[in-house]
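Below is one structure; the comments refer to it alone.
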Number of protein chains: 2
Amino acid sequence: MDYKIKEIANSICQISNHALEEIENLLRPKTIGKGTVFIREGQGIQLEYFLLEGICKSYLISPEGEEVTISFFTSKSILSPYTTRVNNQRSLLNFRALTDVHLASMDAAAFEQLMIENLEIRNFGNVVLRKELALKVDKEIGLAALTAKERLLAFRERYPSLENQIPHTDIASYLGITNVSLSRLRKDLSR
Amino acid sequence: MDYKIKEIANSICQISNHALEEIENLLRPKTIGKGTVFIREGQGIQLEYFLLEGICKSYLISPEGEEVTISFFTSKSILSPYTTRVNNQRSLLNFRALTDVHLASMDAAAFEQLMIENLEIRNFGNVVLRKELALKVDKEIGLAALTAKERLLAFRERYPSLENQIPHTDIASYLGITNVSLSRLRKDLSR
DNA sequence: CAATCGCATTAACAAATGATAAAAAGGAGC
DNA sequence: GCTCCTTTTTATCATTTGTTAATGCGATTG
């Protein structure tokens, strides 16, 4: 199937071709247009996703009704499955395509069964989960202990070039500031 | 064994006495004095913990060398195992007892094996994990979208009475503000 | 009881961030 | 190229939060 799947999987951890094939057998490609919300909070879902091409964000609606960006996903990554499928298969988050997006989806229950049967795939799933948690802890400490300027610099390190590809409003809410403040910081850092 | 284990487990999800016994067979009680750090970042660990009595926090050291509180744990809860054991059994976080603490620990590998063998226990483990993630998402949106005052109010809802039992410095770093700001907010809210 | 230690509170000032509105800059479609 | 529409930047002012340092206060201890 798609060579990109192998690339994504190996960016997570080493995995044999055999195990990879088992995963690939479950995958179905899917294309989604820019701006589309393809997972909704509270929605019953039973799919896991590989992001082959494009950019997405996960987000929640704040008490004030604004979209708060939780994470960004760039080409060749995995759309954090456990965060997505928490609570009896109901998603905790919304996902929106920020560009045209090419996905490969698979049935979550079938993948879970694979994890039980196959030690290698179980390990793979666990590593995905652990990396996701590590990112969350990083973001948490960033929001709690760094200034907005430092958070912007950290964002640029982690997502080089994203700043020029997506609306700044989305980045600002990821950083926990307003888009006006983001604009100020950008100006400040450019001198 | 300890009736508290049953109480903790059932606060997570319904679980049969049989499955509970399998878990209890793995448990070993342990007492820890106030102030002790009993899990260290980067430390190799292979234990999961039930918190029977007392209060703990998980934390990280910020770039400036300060302790940043990530989570609080109060009596009768589970010390988020996956966050703890991420990265090949190395802990991502430090844990400190904020009062004298009574724990029950179990071997993580043995528990993982139980999860594979027993559907009920697997489900239990997954629910623990999902609840933990849901909390992280909640905290994330709080830090990104709420004011410090709103975060303090949310903290009070979630941890009633904790404000009078532990140092305010720990609470302030959990909220992402300084202890001076916390004191100001407390005064402001008391009028 | 006095001295001391650890926190919490206050105060005063500086810096960062938010809110609102207006201006400028880009992009999409015609 | 022009128009319309959205996004970004700028400007102004209000508010919040940080920093530093002093003060208060309770618990512990000698």
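Just so it is clear: chains get the letters A, B, ... in the order the sequence lines come, proteins before strands, and each one is counted from 1.
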**OP:** Strictly below 4.0 Å, heavy-atom distances to any atom of DNA chain D: list the hits from residues 138-176 of chain A, or just say none.
**Re:**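 Heavy-atom cutoff 4.0 Å gives A/P167, A/H168, A/T169.
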**OP:** Applying ring pair (Phe, Tyr, Trp, His ring centres under 6.0 Å), name anything that partners B/F124, two or more places apart in sequence or on another chain.
**Re:**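 Not a single residue meets the ring pair (Phe, Tyr, Trp, His ring centres under 6.0 Å) criterion with B/F124.
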**OP:** Determine whether B/F155 and B/V137 fall in the same hydrophobic cluster, where Ile, Leu, Val, Met, Phe, Trp and Tyr are linked whenever their side-chain heavy atoms lie under 4.5 Å apart.
**Re:**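 B/F155 and B/V137: separate clusters.
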Rounded distance in Å - [atom1] ([X]) to [atom2] ([N]):
X      : N      : atom1 : atom2 : answer
B/E64  : D/dT19 : CD    : C1'   : 14 Å
A/D188 : D/dT9  : CG    : P     : 13 Å
A/I177 : D/dT17 : CD1   : C1'   : 15 Å

**OP:** Return each pair, listed once, that meets side-chain hydrogen bond (donor to acceptor under 3.5 Å, both in side chains) where at least one residue sits in residues 41-61 of chain B; pairs must be two or more places apart or across chains.
**Re:**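 Qualifying pairs: B/K4-B/E53, B/E48-B/R85, B/E53-B/S75, B/K57-B/E67, B/K57-B/D170.
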Original post:
Should the heavy atoms of other residues, nucleotides or ligands under 6.0 Å from CD of A/E64 be counted, would the total exceed 12?
Top reply: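 Atom CD in A/E64 is crowded, with more than 12 foreign heavy atoms closer than 6.0 Å.
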Subject >> Other residues, nucleotides, ligands: >12 heavy atoms within 6.0 Å of A/R156 CZ >> reply: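 Yes, because the 6.0 Å sphere around CZ of A/R156 holds more than 12 heavy atoms from other groups.
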Subject >> Selection from D/dT19, C/dG18, C/dT9 that lies nearest to any side-chain heavy atom of B/R186 >> reply: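 Per side-chain heavy atoms of B/R186, the pick is C/dT9.
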Original post:
Taking OP1 and OP2 of C/dG18, is either one under 4.0 Å from a side-chain nitrogen or oxygen of A/S181?
Top reply: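 Yes, such a contact exists.
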**OP:** Look at the side-chain N and O atoms of B/T178 and state whether any lies under 4.0 Å from the OP1 or OP2 oxygen of D/dT17.
**Re:**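 So the side chain of B/T178 is outside the cut-off, no N or O lying under 4.0 Å from OP1 or OP2 of D/dT17.
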Subject >> Under 4.0 Å protein heavy-atom contact, by nucleotide of nucleotides 25-30 of chain C - B base, S sugar-phosphate only >> reply: ------
So how far is it from [X] [atom1] to [Y] [atom2], rounded to the nearest 0.5 Å?
X      : Y      : atom1 : atom2 : result
A/L20  : A/I5   : CG    : CD1   : 8.0 Å
B/Q165 : B/T99  : CD    : OG1   : 8.0 Å
A/E22  : A/E117 : CD    : CD    : 7.5 Å
B/I171 : B/L162 : CD1   : CG    : 5.5 Å

Subject >> Axis-to-axis angle between the two ends of the helix from C/dC1-D/dG30 to C/dC30-D/dG1 (five base pairs per end, rounded to 10 degrees) >> reply: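 One end's axis against the other's: 40°.
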Subject >> Test item: B/S71 and B/L135 side chains (from C-beta on) under 4.5 Å apart, heavy atoms >> reply: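 Not in contact.
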**OP:** May I ask you to decide if the ring planes of B/F72 and B/Y174 are parallel, tilted or perpendicular, using 30° and 60° as cut-offs?
**Re:**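 Because their plane-to-plane angle lies in the 30° to 60° range, the rings of B/F72 and B/Y174 count as tilted.
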**OP:** Examine the side chains of B/S16 and B/E120 and answer whether a donor and an acceptor come within less than 3.5 Å of each other.
**Re:**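 Side-chain D/A pair, B/S16 to B/E120: present.
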Every protein N/O lying under 3.5 Å from an N/O of nucleotides 10-15 of chain D:
none

**OP:** Please determine which of A/R151, A/R158, A/K131 meets the salt bridge (charged side-chain N to carboxylate O under 4.0 Å, His left out) test together with A/D138.
**Re:**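 For A/D138, the salt bridge (charged side-chain N to carboxylate O under 4.0 Å, His left out) check succeeds only for A/R158.
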